[in-house]
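Read the structure below first, then the notes.
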Amino acid sequence: MTAAVRSYFELALALSWREIVVRYKRSALGVLWALADPALHVVVYVLTFGAILDAGRGVSNYPVFTLMGVLVWLFFSMTLDQAASVILEHSQLIRKIAFPTELLVCSVVASRLTSLLVGLALCLLAAIAAQMLGVMDLDWSGLPFLLLGFVLLLPLTTGLALAASALGVIFGDAQFIVRFGLRIGFFACPVVYPLTRVPAAARAFYELNPLVGILWCFRRFADPAATPLSWQAWTAAIGGTVVAFAGGWFLFRRNVVE
C-alpha cells in the first residue's frame, strides 16, 4: 500500500468516525438509537399499516418483516439525505486539503452502515429469541439472501449518494428535492407491505424499482411463504445497482471533481 493510498484510507476512517461521533455525541443512548429509532417507527407502522390497514396480510412474522424493511429504508434514505449537502458542508476542508472528495460521500455511507449493522444484529438476536420462545416461525435458510441484499444495497446507495451530492453542488434546492423524493419513495417501495399487495396489473412496472428485489433479499428469512422474485425484479435489482453506481460516479466526477 503506497503512502498516498494509506493516507486516503486513514482519512476515510477519520471522516467516518467523525460522522458517527458527531451524530451520537450528546445522545444518552448513543449508538443504541440505531435500533431505538427504527423500533419506534415499527411500532407506529405495525399499528397503522398492520393492524388498521391490514398491510401485513399473508406475512406470518409482520413485526420482524417490517423492522427489516425499516432498517434498510432508514439507511438508504438518511444516507441520500445527508449526502446531498455533504460537499457544501465540508467546502472549507476541500479548499485546505487535497484529497479525493468521494471520500466525503463514502464516509456518510460508512457511518450510516454502522447503524444498519447494529440494528440488523439486534433484530436478528430478537428474532432468534422469539423463535426459541415459539412466538415466531422463521426460515433461517433464507439468510444467504440477506448477504446478497448487502452486495446490492451498498453500491446502489453509494451511487445514488454520489449523484445526490453532485446535485447538491449544482442546485441549491437539491437537498429539498431529494428529501421530497424520498418521502414519495417510501410508499413506492414495499417497506411496510409485501409485494403481493401490489395489484397484478401494476406489478411489472413496480418491479423496475431495484429496492423491490433488495428488500425481498433482506426479509426472505422473515417471510417463509414469500413469493419468489420474478426475473424482471432480479434484473432490475442487479442492473439498477450497476447503473446507479456507474451513473452516480460519473455525475460526481463530472460536476464535483472536474
Side-chain angles (χ1 to χ4, degrees), residues 9 11-46 63-87 89-90 102-129 143 145-165 168 175 178-179 181-183 185-186 189-192 210-211 214-215 217-219 221-222 241 244-245 248:
F9 179 74
L11 177 60
L13 289 178
L15 290 171
S16 301
W17 180 250
R18 179 183 177 278
E19 293 288 344
I20 297 172
V21 171
V22 169
R23 189 185 315 146
Y24 299 114
K25 182 170 67 172
R26 301 186 64 182
S27 169
L29 292 179
V31 75
L32 288 179
W33 275 113
L35 184 63
D37 186 26
L40 292 173
H41 280 78
V42 167
V43 170
V44 175
Y45 295 150
V46 168
V64 175
F65 175 90
T66 304
L67 179 56
M68 293 295 289
V70 168
L71 285 169
V72 172
W73 177 257
L74 288 179
F75 163 74
F76 176 80
S77 60
M78 289 183 174
T79 300
L80 266 59
D81 182 55
Q82 188 176 350
S85 59
V86 68
I87 300 299
E89 290 176 356
H90 294 83
E102 296 93 336
L103 293 180
L104 292 172
V105 179
C106 291
S107 68
V108 173
V109 176
S111 66
R112 291 294 175 183
L113 179 61
T114 58
S115 299
L116 174 62
L117 291 175
V118 171
L120 288 176
L122 294 176
C123 178
L124 290 175
L125 289 175
I128 292 172
L143 275 183
F145 285 107
L146 193 151
L147 298 178
L148 177 59
F150 266 114
V151 172
L152 296 173
L153 178 65
L154 291 182
L156 174 72
T157 305
T158 302
L160 293 178
L162 287 168
S165 62
Q175 187 174 21
V178 169
R179 195 169 295 170
L182 289 171
R183 288 175 182 171
F186 173 80
C189 296
V191 178
V192 294
L211 282 175
I214 292 174
L215 284 167
C217 290
F218 272 90
R219 301 187 300 198
F221 80 97
T241 295
F245 184 80

At their closest point, which heavy atom of C217 faces which heavy atom of L148, and how far apart are they? SG-CD2, 4.1 Å

Mind checking side chain to side chain contact (heavy atoms under 4.5 Å, CB included) for L146 and listing every partner two or more places apart, or none if nothing turns up? M68, L143, F150, F218, F221

Residues V108 and S111: closest non-hydrogen pair is O-OG, 2.9 Å

Please report the interatomic distance CG(L113) to SG(C106), rounded to the nearest 0.5 Å. 11.5 Å

For the pair L74 and L116, evaluate side chain to side chain contact (heavy atoms under 4.5 Å, CB included) and give the outcome as yes or no after the intermediate values. CA-CA 8 Å; L74 288 179; L116 174 62; over 6 Å; no

Got a sec, which pairs hit salt bridge (charged side-chain N to carboxylate O under 4.0 Å, His left out) with one end in residues 67-78, sequence neighbours left out? none

Pair up each side-chain donor or acceptor in residues 158-165 with any protein partner under 3.5 Å, not counting sequence neighbours, and list the distances.
from : atom 1 : to   : atom 2 : distance (Å)
T158 : OG1    : L154 : O      : 2.7
S165 : OG     : A161 : O      : 3.2
S165 : OG     : L162 : O      : 2.8

All ring-ring contact (aromatic ring centres under 6.0 Å, His included) counterparts of F75, not counting sequence neighbours: none

Here the salt bridge (charged side-chain N to carboxylate O under 4.0 Å, His left out) pairs for residues 68-82, sequence neighbours left out, are D81-R179

Does any part of the side chain of F245, heavy atoms only, come nearer than 4.5 Å to the side chain of L156, both counted from C-beta? no

Side chain to side chain contact (heavy atoms under 4.5 Å, CB included), that's the test. Do L182 and F76 meet it? Break it down for me. CA-CA 9 Å; L182 289 171; F76 176 80; 4.0 Å; yes

Compare all side-chain heavy atoms of C189 with those of W73 and state whether any distance is below 4.5 angstrom. yes

Residues passing the ring-ring contact (aromatic ring centres under 6.0 Å, His included) test with F65, sequence neighbours excluded, are none

Across all chains, not counting sequence neighbours, the ring-ring contact (aromatic ring centres under 6.0 Å, His included) partners of F145 are W216

Sequence-distant partners of P190, side chain to side chain contact (heavy atoms under 4.5 Å, CB included), two or more places apart: Y193, Y206, V212, L215, R219

Any side-chain heavy atom of T241 within less than 4.5 Å of one from V151? no

